[in-house]
Amino acid sequence: MSKPGWREWVAAGKALRGGNLLRNEGPRQLTVGFEKHFASYIGSEHALALTSGTVALHAAMTAIGVGPGDEVLVPAYTWIASAAAPALAGAVPILVDIDETLTIDPADIERKITPQTRAILPVHMVNAPCNMDAIMDIARRHNLVVVEDACQAVGIEYKGRKLGSFGAIGAFSFNHYKNMTIGEGGAVVTNDPNLFSRLMNFHDLGIWARDGYEAGNEPAFLASHSRMTEVQGAMLDVQLSRLPAAVAAMKRNRRIVADILRERNGPRISPHNDPDSAAGLTVIFDTAEEASEFAKRPAVHRIYDNSKHVYTNWDPILNHRTAHPAMNPWAWSKRPVHYDENTCARTLDIMRRSCKITISPGWSPVLARILAKTLWTPGAPDSAAYRLIERVQGR
């Protein structure tokens with residue numbers, strides 16, 4: 001996570017001096033400037049800043065036109081927003097197992113496709129890219145739309161291309177815990193001008209009345225309001241300028257920690273769909289008990305222990321509960337769809353046996369080496385030494 005600093009303060013001040021904090025209406029067009037820079041960075045034609053990653057996913061589902069009777073394939077390991085997005089658009093999320101990379105399993109995608117399947121929503125969790133070659137091939141063969149959830153992997157690449165640039169739409173988050181952060185925020189990118197028009201419409205109910213708005217072949221539809229302010233756009237532009245160096249530091253520190261774990265016969269490092277781009281680090285054990293014990297060490301978290309990302313805890317999804325009972329995608333489904341512990345049992349098993357090791361761009365190489373040695377020293381983890389170094393580093 002790239003923490004805001006003095007440059008963000010200056011950028012926010014610049015926006016405030018403009019006197020009008022509405023996007024497109026302020027004299028400096030700071031949010032529009034960020035969108036142009038972000039689109040170029042990701043490698044897309046268009047980018048749109050939004051209020052959150054959840055809104056970005058909802059906007060993407062609405063833009064591609066999924067609705068009642070449709071199904072969208074979603075990995076069983078993700079934040080609930082990934083599964084909620086198709087449901088909010090009127091479609092039913094179909095949960096798909098992950099593999100040991102902690103990303104959606106292409107083989108299970110093939111097994112879960114039905115005549116009602118309209119889209120695939122791969123999620124790049126913990127800075128780990130999905131197998132986009134396999135996913136795009138499946139999508140082409142079955143005429144499915146791909147929307148990438150890159151909320152947890154802003155700035156990460158897969159085989160030389162930025163995540164979010166493979167699908168019809170890429171969705172991003174700038175939440176406090178993401179690689180870029182302004183506390184809360186999001187964005188979508190696309191190369192399709194018609195999809196971009198629908199995304200613009202989604203985020204601004206009054207877009208049809210704006211000067212210069214070009215709907216193309218897309219008539220305006222009822223939507224909501226999720227426009228980003230000039231202060232947020234200005235701060236994100238600063239964050240974006242720091243992102244390449246932050247990602248490079250994460251990759252360096254990841255290599256240091258991974259190499260030392262291998263040298264010391266540490267836990268097995270999880271497989272990766274593009275090892276050359278690896279910026280996040282997870283390890284996997286033979287048993288859940290081993291993973292739970294390892295998670296007692298500093299800067300380590302067992303994947304299963306983050307209850308918000310365990311699909312069996314997604315009460316509104318499991319119980320098909322929407323704000324109004326008549327507006328229920330599961331009632332419109334062409335077949336019964338239920339979820340329980342057996343829906344994606346393999347996912348739960350992998351999550352119980354996997355641990356994430358925090359990799360910070362703020363660590364020096366020395367700190368990364370000390371952390372790695374602390375992680376796999378026989379006996380009790382020396383967490384006191386680690387925390388002392390953290391305090392000295394000011395992290």
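We count residues from 1, following the sequence as given.
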> Do L144 and I104 share a hydrophobic cluster, counting only Ile, Leu, Val, Met, Phe, Trp and Tyr and linking them when any side-chain heavy atoms are less than 4.5 Å apart?
Replying inline: yes

> Do any N or O atoms from the side chain of N191 and from the backbone of S44 form a donor-acceptor pair under 3.5 angstrom?
Replying inline: no

>> Tell me whether D108 is salt-bridged to R111, with the criterion being a basic N under 4.0 Å from an acidic carboxylate O.
In response: yes

>> The test is side-chain contact (heavy atoms from CB on, under 4.5 Å); show your working for E148 and M132 and say whether it passes.
In response: CA-CA 10 Å; E148 287 179 81; M132 292 310 298; 4.0 Å; yes

> Given side chains that start at C-beta, do those of I357 and V300 come closer than 4.5 Å, heavy atoms only?
Replying inline: yes

>> Could you check whether any side-chain N or O of H309 sits under 3.5 Å from a backbone N or O of Y77, counting only pairs where one atom can act as donor and the other as acceptor?
In response: no

> With a 4.5 Å limit on heavy-atom distance, are the side chains of I80 and P316 in contact?
Replying inline: yes

> Is a donor on one side and an acceptor on the other found under 3.5 Å between the side chain of R254 and the backbone of A279?
Replying inline: no

> Looking at D259 and R262, does any basic side-chain N land under 4.0 Å from a carboxylate oxygen?
Replying inline: yes

> Around N319, counting heavy atoms of other residues, nucleotides and ligands shown, do more than 12 lie under 6.0 Å from its CG?
Replying inline: yes

>> Let's go through D237 and H37 carefully: what are the C-alpha distance in whole Å and the side-chain angles of both, what is the deciding distance for side chain to side chain donor-acceptor pair (under 3.5 Å) to 0.1 Å, and is it a yes or a no?
In response: CA-CA 8 Å; D237 221 14; H37 298 153; 2.9 Å; yes

> Judged by atom type as modelled, is there a donor-acceptor pair below 3.5 Å linking the side chain of Q152 to the main-chain atoms of V126?
Replying inline: yes

>> Suppose we call two aromatic rings close when their centres sit under 6.0 Å apart. Are Y339 and Y311 close by that rule?
In response: no

> Tell me, do P267 and C355 make a side-chain contact under 4.5 Å, heavy atoms counted?
Replying inline: no

> Looking at OG1 of T101 and CG of N273, how far apart are the two atoms once the value is rounded to the nearest 0.5 Å?
Replying inline: 4.5 Å

> For A153, does its backbone N or O pair with a side-chain atom of N179 as donor and acceptor, under 3.5 Å?
Replying inline: no

> Are I42 and I135 joined in one hydrophobic group, where the rule is that I, L, V, M, F, W and Y side chains link up if heavy atoms are under 4.5 Å apart?
Replying inline: yes

>> A side-chain contact here means heavy atoms from C-beta on lying under 4.5 Å apart; do H272 and P129 qualify?
In response: yes

>> Would you compute the distance between atom CG of L73 and atom CD1 of I120 and round it to the nearest 0.5 angstrom?
In response: 6.0 Å

>> Please evaluate residues H225 and D204 with respect to the criterion side-chain contact (heavy atoms from CB on, under 4.5 Å), reporting the C-alpha separation (whole Å), side-chain torsions for both, the decisive distance (0.1 Å), and the verdict.
In response: CA-CA 5 Å; H225 231 60; D204 183 356; 2.9 Å; yes

> Just how far is it from atom CG of L348 to atom CD1 of I98, taken to the nearest 0.5 Å?
Replying inline: 9.0 Å

> Can you find a side-chain donor-acceptor pair between N313 and S307 that sits under 3.5 Å?
Replying inline: no

> Parallel under 30°, tilted from 30 to 60°, perpendicular over 60°: which one fits the rings of F38 and F174?
Replying inline: perpendicular

>> With a 4.5 Å cut-off on side-chain heavy atoms, are H320 and S333 touching?
In response: no

> What do the steps show when you test T54 against W79 for side-chain contact (heavy atoms from CB on, under 4.5 Å), and what is the final call?
Replying inline: CA-CA 9 Å; T54 299; W79 167 231; 4.1 Å; yes

> How far apart are the closest heavy atoms of L95 and T343, and which atoms are they?
Replying inline: CB-CG2, 4.3 Å

>> Tell me which one of V74, I94, V92 satisfies side-chain contact (heavy atoms from CB on, under 4.5 Å) with P86.
In response: V74

>> Hydrophobic clusters here meaning ILVMFWY residues chained together by side-chain heavy-atom distances under 4.5 Å, can you tell me if V154 and V238 are in one?
In response: no

> Do you know the tightest heavy-atom contact between A119 and I64?
Replying inline: CB-CD1, 3.9 Å

>> Looking at V72, is its backbone amide N or carbonyl O close enough to the side chain of R118 to form a donor-acceptor pair, meaning the two atoms are under 3.5 Å apart?
In response: no

> Same hydrophobic cluster for I138 and M136, using side-chain heavy-atom links shorter than 4.5 Å among ILVMFWY?
Replying inline: yes

> Which heavy atom of D274 sits nearest a heavy atom of K159, and at what distance?
Replying inline: OD2-N, 2.6 Å

> Which other residues end up in the same hydrophobic cluster as L205, if Ile, Leu, Val, Met, Phe, Trp and Tyr are linked when side-chain heavy atoms come under 4.5 Å apart?
Replying inline: L222

> Has K162 got its NZ or CZ under 6.0 Å from the middle of the six-membered ring of Y41, at an angle within 45 degrees of the ring axis?
Replying inline: yes

> In Å and rounded to the nearest 0.5 Å, what is the CD to CD distance from Q239 to Q232?
Replying inline: 12.0 Å

> For A234 and L30, which heavy atoms make the closest approach, and how far apart are they?
Replying inline: CB-CD1, 3.7 Å

> With no hydrogens and no angle check, is any side-chain donor or acceptor of D105 less than 3.5 Å from a backbone partner on D97?
Replying inline: no

>> Quick one, L48 with E35, criterion side-chain contact (heavy atoms from CB on, under 4.5 Å). Give me CA distance, side-chain angles, the key distance, then yes/no.
In response: CA-CA 6 Å; L48 178 65; E35 290 168 341; 3.6 Å; yes

>> How close do R352 and Y304 get, counting heavy atoms only, and between which atoms?
In response: NH2-OH, 3.4 Å

>> Is it the case that the side chain of H203 and the backbone of V55 share a donor-acceptor pair, with hydrogens and angles ignored and the cut-off at 3.5 Å?
In response: no

> Can you list the residues that meet the side chain to side chain contact (heavy atoms under 4.5 Å, CB included) rule with T322, with sequence neighbours excluded?
Replying inline: N328, P329, W330

> Do the non-hydrogen side-chain atoms of I269 and V283 ever get within less than 4.5 Å of each other?
Replying inline: yes

>> I'd like to know if the side chain of R7 pairs up with that of S241 as donor and acceptor (distance under 3.5 Å, no hydrogens or angles considered).
In response: yes

>> Restricting to salt bridge (Lys or Arg N to Asp or Glu O under 4.0 Å), what partner residues turn up for E110, sequence neighbours left out?
In response: R141

>> Does anything in residues 325-341 form a salt bridge (Lys or Arg N to Asp or Glu O under 4.0 Å)? List the pairs, not counting sequence neighbours.
In response: E71-R335

> Is a side-chain donor or acceptor of T190 paired with a backbone partner of A168 at a separation under 3.5 angstrom?
Replying inline: yes

> side chain to side chain contact (heavy atoms under 4.5 Å, CB included) with E100: which residues, sequence neighbours excluded?
Replying inline: R268, P271, I284, I350, R353

> Can you check whether F202 reaches I207 side chain to side chain, under 4.5 Å on heavy atoms?
Replying inline: no

>> D192: which residues meet the salt bridge (Lys or Arg N to Asp or Glu O under 4.0 Å) condition with it, sequence neighbours left out?
In response: none

> Is any side-chain heavy atom of T103 less than 4.5 Å from a side-chain heavy atom of H124?
Replying inline: no

>> Distance check, rounded to the nearest 0.5 Å: S52 atom OG versus L57 atom CG?
In response: 8.5 Å

>> Applying a strict under-4.5 Å side-chain criterion to I, L, V, M, F, W and Y, I'd like to know whether L195 and L88 cluster together.
In response: no

> What distance separates C130 SG from M125 CE, expressed to the nearest 0.5 Å?
Replying inline: 10.0 Å

> Considering all heavy atoms of both residues, which atom of A83 and which atom of W314 are nearest to each other, and what is their separation?
Replying inline: CB-CZ3, 3.7 Å

>> Checking the side chain of D70 only, and the main-chain atoms of A91 only, is there a donor and an acceptor separated by less than 3.5 Å?
In response: no

